[in-house]
Amino acid sequence: MIVTDGDGRVLWRDGNHSTMRRADTVGLADGHQWAEHSVGTNGIGTALATGRPVHVYSEEHLMRVLHVWSCSAAPVTDPDSGLVVGCVDVSGTARSLHPATVALVAATAKLAETQLALRMHERDERLRRRYESLRGRPGILLSATGRVISGDPAGDLGERVHLGARAAHFTGRRMILRDGTVALLEPFSDGFLLRPSPSTAPPVLTLSFLGEGAPSATYGDHDRPLSLRHAEILTLLALHPHGLTAEQLSFHLYGDVGNPVTIRAEIHRLRTQLGQAIAAKPYRLTCPVEADFLALHRLLAAHDAASLARAYPGPLLPRSESPEIRRERDELEAQVRACLLRQGSPEDLWAYAQTCNGRDDYEVLERLAALPPTDPRSAVARSRLLS
C-alpha cells in the first residue's frame, strides 16, 4: 500500500517485505514521483490526472518494466480547497492483485476525505464563533481558501470566492463580487472578511514581482499587463515613495549610460495604463501600494520565518539587470536565507529549497538531508547534493 502527495510523490508505503524489495527496483519507494508526466500511464499518476479511482493492469502501464505489476489507486480531494492533495494506491504483481481492489482504495480515500471534512468543519466552527462575537458582525466571513462560511444568507456569492494565490499577503484588497459590488478583503483570524468598499477609497496598486513568473500588477479591479521595463520602474518608485526625477530613474535603471529622455517616454506609456497613479516632478506613486517584495521587509522585521517562507517564491525580478534592483534583489535573498537558516523549521527550509536559488543551496540541503531517512525531503536533498 502506498500513499502519495498531490504531485504523485511517494510519502509512505507498507506491505509484504519481498514485494517491497521488488518494488524498490522500479521506484515504488519513498521519495519517488509517479505523476503521469514523469512515468506515463500508471495507477497513481492516472488517478491523480483523472481525479477518480482507476485500476491499471499489467501491460496497460506505459513503461515495459512495470508490466509485471498491477495497480489500483484513488485520489484524495481536500473538501476545503477542492484540490487533489494525495493518492492511495495498492500495487502488486499481476497474478496477485484482483481488479476489485479499486473498490478498497476508493473506500480508503473516501475515509481520508471524511477526516479532512471533519477537521474543516471544526475550523469553520471556531472561525464562526469568533465572527459572531463581533458587534454587528460586519462583512462576509470566508475561510482561508475562500469558502463562504457566514454573512451571506441570500447566497449571492455562491460557495466560494476566488482569492488568488497571494491574497494572504495583501491587506485591504478591493474585489468585484458576482453581483457587481466592490468589497475590501481583510484578514480575520484564520480566514478573511469581505467588507463593503467605500466609494471614495482610492484604487490600490498591487505588485507581484517575486519569483520566476511574469511580473504582474493589479490597479483597482483590473489586471495590468507589464513589460519588464515597466515592472522595473514601478519597483523603483515603490522603493522610493518620495519620488525620483527622470535623471535618477535613468541612473538606477541603466547606470551612467542611461538617457532621461528614454525614461520620460516609458513613464508616458506607463501612465496610459495607470492614469493618475503616477505623478510627475518628481515621478512618484500617488495611490496605496501593496507589493510582495515590500511585504518581505515587514516579515523580516518581525522575524516571522514561517510567513517569510510562504511569502518568498523566488528573487525580485530575476531577469532585471538594473543596478538598483540587482542590489535590492541580492539583499532580500541574503536576508531571507539568513532568517530561514537561523530560525526556520524543516518546512520553511523545504519551501526555500523550491526556489531557483534555494534549489542548489548547499547549506539548506545539508539541513534537509539530516532529517530522518523516512522523510522524503531528506531523500530529495541527498539527491541534489550528489548531483
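Start at 1 with the first residue, then count along the sequence.
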Point to revise | H297 atom NE2, neighbour heavy-atom count above 12 within 6.0 Å | key: yes

**Study point:** Enclosure of Y219 OH (heavy-atom neighbours >12, cutoff 6.0 Å)
**Key:** yes

Review point. Can you tell me if CZ on R64 sees more than 12 non-hydrogen neighbours from other groups inside 6.0 Å?
Key: no

Practice item. Verify the neighbour count for atom CZ of R160: are there more than 12 heavy atoms of other residues, nucleotides or ligands below 6.0 Å? Key: yes

Review point. Should we say atom CZ of R130 is surrounded by more than 12 heavy atoms from elsewhere, each under 6.0 Å from it?
Key: yes

Practice item. Show your reasoning for whether side chain to side chain donor-acceptor pair (under 3.5 Å) applies to S18 and R22. Key: CA-CA 6 Å; S18 62; R22 294 188 66 180; over 6 Å; no

Review point. Is the backbone N or O of L317 less than 3.5 Å from a side-chain atom of R329, with the two atoms forming a donor-acceptor pair by type?
Key: yes

Check your understanding: Is the backbone of M1 close enough, under 3.5 Å, to the side chain of D14 for a donor and an acceptor to pair up by distance?
Key -> no

**Study point:** Salt-bridge contact K110-E113 (side-chain N to carboxylate O under 4.0 Å)
**Key:** yes

Check your understanding: Does E212 have any side chain to side chain donor-acceptor pair (under 3.5 Å) partners at least two apart in sequence or in another chain, and if so, which?
Key -> none

Exercise for review: Would you confirm whether T235, through its side chain, and A231, through its main-chain N or O, come within 3.5 Å as a donor-acceptor pair?
Suggested key: yes

Practice item. Using a strict 4.0 Å threshold on nitrogen-to-oxygen distance, state whether E324 and R327 make a salt bridge. Key: yes

Practice item. Please list, chain by chain and in numerical order, all residues satisfying side chain to side chain donor-acceptor pair (under 3.5 Å) with D330, sequence neighbours excluded. Key: none

Practice item. Tell me, please, which residues at least two apart from S91 pass side chain to side chain donor-acceptor pair (under 3.5 Å). Key: D89

Exercise for review: Taking E290 for its side chain and V204 for its backbone only, find out whether a donor-acceptor pair lies under 3.5 Å.
Suggested key: no

Practice item. On the 0 to 90° scale, with breaks at 30° and 60°, tag the Y131-F188 ring pair as parallel, tilted or perpendicular. Key: perpendicular

Revision key, fill the gap. Interatomic distance, CG@D24 vs OG1@T19, rounded to 0.5 Å, equals 11.0 Å

Practice item. Using ring-ring contact (aromatic ring centres under 6.0 Å, His included) as the criterion, list what pairs up with H240, not counting sequence neighbours. Key: H252

Point to revise | Lys/Arg-Asp/Glu bridge criterion (N-O < 4.0 Å) met for D190, R126 | key: no

Point to revise | Linked, directly or transitively: Y57 and L62 (ILVMFWY side chains, under 4.5 Å) | key: no

Review point. Any sub-3.5 Å donor-acceptor pair from D292's side-chain atoms to L210's backbone N or O?
Key: yes

Check your understanding: Among side-chain atoms of E232 and S322, is any donor-acceptor pair under 3.5 angstrom?
Key -> no

Practice item. Decide, yes or no, whether a salt bridge links R384 with E366 under the criterion of side-chain N to carboxylate O below 4.0 Å. Key: no

Review point. Is the side chain of W34 donor-acceptor paired with the backbone N or O of G43 at a distance under 3.5 Å, no angle test?
Key: no

Point to revise | side chain to side chain donor-acceptor pair (under 3.5 Å) partners for R128, two or more places apart | key: E125

**Study point:** Same apolar cluster (I L V M F W Y, side chains within < 4.5 Å links), V56/V90
**Key:** no

Review point. Mind checking what makes side-chain contact (heavy atoms from CB on, under 4.5 Å) contact with R52, not counting sequence neighbours?
Key: T50, V54

Exercise for review: Check for a donor-acceptor pair, side chain of T355 on one end and backbone N or O of P313 on the other, with a separation under 3.5 Å.
Suggested key: no

